[in-house]
Structure formats: C-alpha cells, structure tokens
Trainee: 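Before I ask anything, let me first share the structure, which is written out below as structure tokens.
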There are 2 protein chains.
Amino acid sequence: MAKVSFREQVLRVREDAIVSSVNRLLAEKGFEAMTVDEVAADVGIAKASLYKHFPSKELLAAAAMVKVLERALAFLETTAKASPELPPVDRLKAVVRWCLEVQLAGEMPSLPSQNSALRTTLMGHTPYLDRLMTVSETLGEWIVAAQAAGDVDATLPAEVVLYTLFARACDPVLGVLKAGGQYTDEQVIDLLVRTCFGGLAAR
Amino acid sequence: MAKVSFREQVLRVREDAIVSSVNRLLAEKGFEAMTVDEVAADVGIAKASLYKHFPSKELLAAAAMVKVLERALAFLETTAKASPELPPVDRLKAVVRWCLEVQLAGEMPSLPSQNSALRTTLMGHTPYLDRLMTVSETLGEWIVAAQAAGDVDATLPAEVVLYTLFARACDPVLGVLKAGGQYTDEQVIDLLVRTCFGGLAAR
DNA sequence: GTCTATATGTGGATAGAC
DNA sequence: GTCTATCCACATATAGAC
C-alpha cells in the first residue's frame, strides 16, 4: 500500500508542476496564445503525457483557474481569521492588493473573454463554478458589511462592486505601469488600490 | 479622370466596409480569435481579395485600430470646440462615457495584450503611433487642467490617470453588467463612470 | 505513464485564371 | 481586383511501442 501511495504522491507533485506551468503561461500569454507544446516543454515532459493527465487544453486551463481560486479562498480565510476586527473595507483592499501582487508575480491569469472556448468549458466545470461561487459569496458579505459601515458607497449595487473588484484583479494598468519602470512594485500597487477605491476625482 | 476617381471611391468604400467588419470582430472576439476567413465571409469577398487591400492580418487590425483612434480624435475635437467652457474633468467624463458607448455598440477593440503579435506590429506602425500620441497629448492636457482646477486628484501622476482612462474604455465590467441584463445601457454607463471617477469608497 | 511519431484540422498567406 | 484552389506552418489530439 505504501508503494501505491508513494506513486500517487509523485503523480500529484507532477500534476502540481503542470498546473503551475499552465498558470504562469496563462498569465503571460492568455489562453489562446498558450500552446500545449509550450506547456509540455516547460514542464519537461512529452505532450502525450500531458494528455494522460488532462483530457484537453481547456480542462488543463480549468485546473489552473481552479488552483488560483483556491489560493484566493485560502487568502480570504486567512484574512478573516487573522484579523477578525479589521473593517470590511480594509479586508477588501487587502484582497485587491493580494490580487495585484499575484499579478505582478506573473501568476494571475486574465479573465476569460466573453466568447472564448475556455469560458464555455468553465461554465460547465463544477469544480471551477463551486469555488467561484464561494469566493463571490464571501466577498459579497464583506461588501455588504463595508457598505453598512459607511466605508463603501452604499448607493452602488453590491454586484457592481464585486465585478469591479474582479476586474481590478487583472487590471492591465498594472502591466503598463510596471513596464514603464518608473515606479517600484509597491508604488504601483498603492496607486491602483487608490484609484480603485478612491477614484480619479479629488476628494 | 472621372472614371479613375470613381473607381478609387469604390475602393475606398470597400476598404471602409472591410475595416468596419474587422473593427466589429476585433471588439467581439479579440485579435487572436478573429480569423481572416471570418472577416472575408463577413465582408462578403474572397480571402485573397482581402490580402490585396491589406498585406497581413496584423495590418488589417492596425487599420481598424487607426480608425477607432480617428473616431476618438474627432470626438475630442468636437468636445473641445462645442463646449470650450466645460470644466476639464467633465470633458474627461464625457470621453469615458463616449468610449463606453462605443464599447456597448460592439465597436471598441480591447487593448492588445502586452506580448501579442498585434502589439509588435502596432509599435512599429507610424499611422497608429501618431494618432495614439495625439490622443494622449490632448487627454494629458485635460488631465493636468482638471488637476489644477482641483477636480482630479492632483497627487496622482497624470500618466496614471491617462492609463486608467484608456483601461476603462475597454473595461470588461461593462460586458458583464450588460450580460446580466438588469440594467439599462445608460445605467451601466453611469455606474462605470461613477466607479471610475468616484471610486468604490463612500465619499 | 512516458515516450516518438503521426493523424487531423485549421488558419494565414499565395498562385494563377479571369 | 476578384475569384477558386491550394500551399504550408502549426496546434490539438492520438496511436502504439516500451
């Protein structure tokens, strides 16, 4: 039994390596531009072996998306437990900040565009949908609480706030500012958090 | 001579039709997902004919991007001349609003991602760069003026404001809210202009 | 399960007749 | 300039030996 368990563990490690590569390539080039050959080369295994683990390119990407959502969920739980007294709006800011850090690290895949093959798969992929729903529900509660506390504009539908947060997680402005090279990573993140919550207008 | 001029005019009209199709498909599916076959089918001509007008898929897309920038430039000029007394910040809001309307109409191509084949072409395509620079300079002046007037946060680098405006022009939140179907087009635009300038935080 | 080698489909681009 | 027919590169996916 120990032998079988060991093999399974090796497999899990390999699949983790695969998913990590996919995650990075997905963030770097997007789903359409990423090729399965690249993934195989990056992981260092043959393409056919990839298909033994994941039956299609879409499901390969879906596994990476699931992993990102799980990292997000872990962060949400940690934040909730580590600082239960933190005002909801500050939790939301921490989430945005975390997303931007992940994006800076090249590990945040961009949102699948409305009519992509990936999106179709994801919309029928329960593991993805479940985690997406959990993330949305948790954030939704924080948003409502932040509105009740008077820290987030209560005249904005909570749904709009949620979608805005999701969009800011992959904001292309980060890449442009980073490429400009005249700000540190921390400054870029600060600027984006400010424009997200404070807007462009003067207070 | 009249005959030649007529032919040239017919060609121009056809090229306009091509560029319009490309523009729409570009907005709908993005550069990578758009195929030249689709474009040809949409215009109603053979693919080989397309290549007589534009030597590559990239330059085909570039022509569409140039056209969008020219529409934007025309809007900027109209706005400047029609209401010279309008506060700069309101001009900026009008620009965002216009971009969102164009996006709602399915005519706003999304920003080319950092490492796309299209981006490489655009960065060496003078007609595109010239117009992009003109748009940026005009908006830059308005931004500085709006900051001087105390209407736009003067502690934000003007450059950051500019990039943010560009990003909001293609904000994916619009598509999601529109797809949700519980807001009118005007409500969606109002919400996005509000979150862009006012931010998520309460005032 | 991993490999090499290949099947199959598709997209960008072109040849050549009209 | 427009068409039909085709080339060629490349990407997803699979066959079959080990």
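Throughout, a chain's letter reflects where its sequence line sits, starting with A, and its residues are numbered from 1. Since the structure is predicted, the reported quantities are computational estimates derived from the model, not experimental observations.
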Trainee: Under 4.5 Å between any side-chain heavy atoms of K29(B) and S116(A), yes or no?
Mentor: no
Trainee: Without decimals, in angstroms, what is the distance between M34(B) CE and dG11(C) P?
Mentor: 12 Å
Trainee: Regarding R168(A) and D171(B), does a basic nitrogen lie under 4.0 Å from an acidic carboxylate oxygen?
Mentor: yes
Trainee: Please report, rounded to the nearest Å, how far the P atom of dT2(C) is from the CD atom of E15(A).
Mentor: 9 Å
Trainee: Hey, which of these two, F31(A) or R14(B), hits DNA chain D nearer its 5' end, going by closest nucleotide?
Mentor: R14(B)
Trainee: Just call it for S49(B): base, sugar-phosphate, or nothing, with non-hydrogen atoms closer than 4.0 Å on any strand.
Mentor: base
Trainee: Any idea which of dG12(C), dT2(C), dC3(C) is nearest the I45(A) side chain?
Mentor: dC3(C)
Trainee: Is R24(A) salt-bridged to E107(A), cutoff N-O under 4.0 Å?
Mentor: no
Trainee: From C-beta outward on E58(A), which listed nucleotide comes closest to its side chain: dT4(C), dA13(D), dG12(C)?
Mentor: dA13(D)
Trainee: Please evaluate the base of dG11(C) for a donor-acceptor partner in the side chain of K57(B) within a cut-off of under 3.5 Å?
Mentor: no
Trainee: Would you mind reading off the distance between E32(B) atom CD and dC10(D) atom C1', rounded to a whole angstrom?
Mentor: 15 Å
Trainee: How close or far is atom P of dG1(C) from atom NE2 of H53(A), stated in whole angstroms?
Mentor: 7 Å
Trainee: Test I189(B) against every option in L177(B), V96(B), L100(B) by the side chain to side chain contact (heavy atoms under 4.5 Å, CB included) rule and name the one that passes.
Mentor: L100(B)
Trainee: Are R194(B) and T155(A) close enough that a side-chain donor and a side-chain acceptor fall under 3.5 Å?
Mentor: yes
Trainee: Let me know the distance between NZ of K29(B) and P of dT10(C), rounded to the nearest Å.
Mentor: 13 Å
Trainee: Between dT2(C), dG12(C), dT4(D), which nucleotide has the shortest distance from any of its atoms to the side chain of V36(B)?
Mentor: dG12(C)
Trainee: For Y51(B) and dA13(C), is the shortest distance between a side-chain N/O and OP1 or OP2 below 4.0 Å?
Mentor: yes
Trainee: In whole angstrom, give the distance that lies between atom NZ of K47(B) and atom P of dT14(C).
Mentor: 11 Å
Trainee: Rounded to the nearest Å, what distance is computed from the NZ atom of residue K52(A) to the P atom of nucleotide dC3(C)?
Mentor: 12 Å
Trainee: Round to the nearest Å and state the distance from D37(A) atom CG to dA9(D) atom P.
Mentor: 16 Å
